[in-house]
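Below is one structure, written out as C-alpha cells, with a few remarks after it.
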Protein chains: 2
Amino acid sequence: MGRMPTVDDVAQAAGVSRQTVSNVLNSPDIVRETTRERVQRAISELGYRPHASARRLRTRRSATIGIRLDPLRDGISGAVLDRFLHKLAEQADARDLRVMIFTADGADDELAHIRRLHDGSDVDAFVLIGTVHGDIRQQWLIDNGVPFVSFGRPWGGDLDDPRHRWVDVDGRAGVRDAVNRLRASGSERIAWIGWPSPSGTGDERRAGWEEACGLDEATRAALSLATEDGVDAGAACATQLLSQPTAPDAIVCASDSLALGALMAATAAGRPELPIVGFDNTPVAGAVGLSSVDQPLDEVVAAALELLFGESGGDVRPNPDSNEEPTHRLLVPRLVERRSSHLTLGGITGA
Amino acid sequence: MGRMPTVDDVAQAAGVSRQTVSNVLNSPDIVRETTRERVQRAISELGYRPHASARRLRTRRSATIGIRLDPLRDGISGAVLDRFLHKLAEQADARDLRVMIFTADGADDELAHIRRLHDGSDVDAFVLIGTVHGDIRQQWLIDNGVPFVSFGRPWGGDLDDPRHRWVDVDGRAGVRDAVNRLRASGSERIAWIGWPSPSGTGDERRAGWEEACGLDEATRAALSLATEDGVDAGAACATQLLSQPTAPDAIVCASDSLALGALMAATAAGRPELPIVGFDNTPVAGAVGLSSVDQPLDEVVAAALELLFGESGGDVRPNPDSNEEPTHRLLVPRLVERRSSHLTLGGITGA
DNA sequence: CCCAAGAATTAGAACGTTCAAAATGAACGA
DNA sequence: TCGTTCATTTTGAACGTTCTAATTCTTGGG
C-alpha cells in the first residue's frame, strides 16, 4: 500500500497544475471541457481521493454535523431518536456532510462536548433534540455563535427569535385529528393519558385532546390522567380509568409506551376492542397493531438541514439575526390507523 | 469572535516555542515542570484548542471510528443497535476518539462509503455489525488493508483468521442457560421458536436449546418452529405450538419480537403464566415483563475497541497478520428473569 | 575549569488542500 | 498588426499542527 495519490500526482498525470485539479473538483464549470475530462480520467485512474482533513484545514469548514445521543430511555420512545438519526445520516450524506455523534451526562456536559467539537473545528453545526422548559443549551449556543438547529420548540422562550432555528411537529394538531377520527367512528367519551405539566410537548398534545374531545370541564377532569412515561404507568392509568363508574369508550395517549400499557390493561379488563391511540408510531405500535400518530421525520430532517445549510449544499449559514426569512418550521403529523383488521392482543390471527 | 488562538499564540504568551507547546500537549513528560505549568496557564487563559484537522493532516490519523447505521428493521430488535451505538460513543470518547455514522443500501454501497471515508482519511477504523453468511465485507476490508472489527463472527468463514478481528456473544451458551433454568423450575417440554437456517446467529441459539432441552429427536422436531423475525410471526408460531395435542410448558425464542408475539398468543390462549424467554433484553421486554437473554454490550464495545486500539489510547493497530495475540473475543450473555412478581399481560398490577 | 552526556528547547520543513493574484491564451474589432 | 477583453490556467502563500534534526542548557566527573 503505497501512499495515497495527491492533487499533485493527479496534476502531473494529467499534465496540468495543482489548482486546475482542485478546480475540476470544486468548480468544474470554470474548467475547459477537454481539460476537465483529462483530469477526471487521471483522477479515476489513480484512484485519487481528496484528503478530508487537508481540505478542512484550508477551508475552515468541517462539513460535519454533531448530534448528541440521548441517555438511553428505558421506554420505547427511544426508537424515534433512532429513526431520526437514520434519516439525518441519510440526508446529510446527500449533501456531502458527515454526522458525528457523542454522548453526554446532562446539559452542562453536553455543552462542554459541543464546545470542544466546535472549537476544534471538528463540527460546523449541531442538531439538538428534545428541548425542554428552561433549556440552557440554546442561549449558550446563540451567545457563543455556534450554529445549530433544534428538533423541538424553545418551550417557554421566544418562539419567534430568528437566532434560534427550530423544527417541530404539531402534536396538538396530531392529537386533535386522532380525537376527531375517534369521534367520527362513534366514540363519545374519549380519555387522555399524558405527562405531568409543565412539559412543552406533553402540554401541547393534551391541548389537542382538550380542543377536540367535546367534553365539559368536569368530564374532562374525570377522563384525563398524568403520569411519567412508561408501559406500567400507562397500564395503571388505564386500569383506573376503566374501573370508574363512567368508563371511557376510547383512550388517547401521549406516547406509545403509555398506549401499550393501556392496551394491555384494556385487554386484561375484558375490553380488548377499546380504541386506543398512541404517539410516535414506534415499531412496537406497529407490532401490536396499535394506532399511533406518526411524526414525519423525513420532513423534519429535511427542514432542519435546510434551515442550517440552505436549499442545497453543505455551507452552513451563519447564525441569523434578522427576520429576513423564517427560521423555524412546524410540521403536521399523520394518524396511522391499525387494529381493526390486524393482530390484536385479544384475538391472535395468523397461520 | 476573533479567530481562535493557535499554538503560536500560546507559545508567544508563554514565552516558549511552538514545538514546546505541542510537546506539553502530546508528550508532557519530556517538558520541564516549570515550563509545562507556564504553558498550561497560557493555554487556559487564551482558551486554546488544537485544530483537529490540522493535527490529523500532520499525523495522518483521524482518531475517528466509522459505523454504519443498519437499515431500519421494523422489528423491535433495532434497539440493540441503538444501545450498542450509545456505548460505542461513550467508550470512544473516553479514548479521545470520535464516532462518525453513515447509512448504506446493501453491502456494496456500504463498501463504497467505507472506501470514501477511509481514503479521505476521515476515518481510521470501522466497526461492522451484523455479520451474515457469505458476507463480502470482511474479505474486502482485509484485502484493502482497512482496519476494522466486527460485532458478529465470520459465519461460514475462518473463525481463527487473525486478520479478522471480531467480538461476539455466545448465543448458544445464553440459550442453554435459559433452558436449564426453566428445567430447574420444573418445565419439561420446552419449545423453540427461531429463525430459518442458515442464520449464523440463529443456528447457534437453536443449538443451545437443542443441547439443553433433554428431549428426543422426534419431540424436538415437534416442539421447534422457524420463522422470519416479528411479533406476528412469533404469535402465529406460539398459537400453533399451543394448539398441538402435546403442548409445550415453556417457550424459548430467538428474539424479543418473537417472544412478545408468543406472550400475546399464550395470553390469548388462556395460558398467561406460560414461561417465555426472549433474546436481547430490549426495552419492550422490560416493559411487558418478559425474561430475556441480555447481551453484555458494555463488554462487547470494550473488547471491540481493545482489539482495534489496544489496552488504551487511540492509535489504531495495523491489521494483524500473525497469531501473536488473540484477535477475537466471545462473551457470555446473562439471563434476566422477570415476570414472576412483575407486570404481566394477564394481570395488571399498579396504583 | 573544562568537557562529555544527557535533558530540554528550538528552527525549519512537511502534511494536502484551496485562496488570491498573477500570468497566459484565445478571440475580436479597429 | 495591435490592443482589449474575457476565459483559462498557473504560481506562491497560507491553513495549524507535528516531525526531524539541530541547538542550547544542565549536570557531574575529572
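So you know, we letter chains A, B, ... as the sequences are listed, proteins then strands, and number each from 1.
- Counting to the nearest Å, the P atom of dA14(C) and the CG atom of Asp8(A) are 13 Å from each other.
- Residues Ser150(A) and His164(A) bring a donor and an acceptor atom of their side chains to less than 3.5 Å of each other.
- Among the nucleotides dT17(C), dT10(D), dT18(C), the one closest to the side chain of His51(A) is dT17(C).
- Side-chain nitrogen and oxygen atoms of Arg18(B) include none within less than 4.0 Å of the OP1 or OP2 phosphate oxygen of dT10(C).
- Gln91(B) and Asp298(B) form a side-chain donor-acceptor contact under 3.5 Å, judged by distance and modelled atom types alone.
- Counting any heavy atom pair closer than 4.0 Å across all strands shown, Thr35(B) reaches sugar-phosphate atoms only and no base atom.
- For Arg58(A) and dT18(C), a side-chain-to-base donor-acceptor distance below 3.5 Å is present, hydrogens and geometry of angles not being considered.
- OP1 or OP2 of dT18(C) lies within a sub-4.0 Å distance of a side-chain N or O belonging to Ser22(A).
- Between Gln19(B) and Pro50(A), the residue anchored nearer the 5' end of DNA chain C, judged by the nucleotide with its closest heavy atom, is Gln19(B).
- Per the geometry, OH belonging to Tyr48(A) stands 10 Å off C1' belonging to dT18(C), to the nearest Å.
- When atom types are taken as modelled, the side chain of Asn26(B) and the backbone of Ser22(B) share a donor-acceptor pair closer than 3.5 angstrom.
- Using a 4.0 Å heavy-atom criterion, one finds that Thr20(B) contacts the bases of the nucleic acid, with or without backbone contacts as well.
- Of all nucleotides listed (dT17(D), dT9(D), dT10(D)), dT17(D) comes nearest to the side chain of Ala54(B).
- Considering only the side chain of Leu57(A), dG16(C) comes nearest among dT18(C), dT17(D), dG16(C).
- Between Arg56(A) and Asp122(B) a salt bridge is recorded (basic side-chain N to carboxylate O distance below 4.0 Å).
- Salt bridge annotation for Lys87(B)-Asp82(B): absent, with no cationic side-chain nitrogen under 4.0 angstrom from a carboxylate oxygen.
- The distance from atom CG of Leu25(A) to atom C1' of dC19(C) is 16 Å, rounded to the nearest whole Å.
- Arg32(B) has no side-chain polar atom (N or O) that falls below the 4.0 Å cut-off from OP1 or OP2 of dA8(C).
- In this structure, Arg55(A) places its CZ atom 18 Å from C1' of dG16(D), rounding to the nearest Å.
- The nearest heavy atom of DNA chain C to Thr59(B) and to Asp29(B) marks one nucleotide each, and the one closer to the 5' end goes with Asp29(B).
- Salt-bridge check for Glu299(A) with Arg329(A): failed, with every basic side-chain N at 4.0 Å or more from each acidic carboxylate O.
- Put simply, CZ on Arg56(A) is 15 Å from C1' on dC15(C), counting in whole angstrom units.
- The separation between Arg3(A) atom CZ and dT17(C) atom C1' is 14 Å, rounded to whole Å.
- Between the CD atom of Glu33(B) and the C1' atom of dT9(C) there is a distance of 17 Å, given to the nearest Å.
- Between the side chains of Asp124(B) and Ser62(B), at least one donor N or O sits under 3.5 Å from an acceptor N or O.
- A sub-4.0 Å separation between OP1 or OP2 of dG16(C) and a side-chain N or O of Arg60(B) is present.
- The environment of Gln12(B) atom CD is sparse: at most 12 non-hydrogen atoms of other residues, nucleotides or ligands sit within 6.0 angstrom.
- Put simply, CZ on Arg61(A) is 18 Å from P on dC15(D), counting in whole angstrom units.
- Using a 4.0 Å cut-off, some side-chain N or O of Ser17(B) falls inside it from OP1 or OP2 of dT10(C).
- Checking the phosphate oxygens (OP1, OP2) of dA8(C), no side-chain nitrogen or oxygen of Asn23(B) falls inside 4.0 Å.
- A rotation axis mapping the C1' atoms of four pairs onto the next four is fitted at both ends of the helix from dC1(C)-dG30(D) to dA30(C)-dT1(D) over five pairs, and the angle between these axes is 60° to 10 degrees.
- If you check every strand for non-hydrogen atoms under 4.0 Å, Arg36(A) touches nothing.
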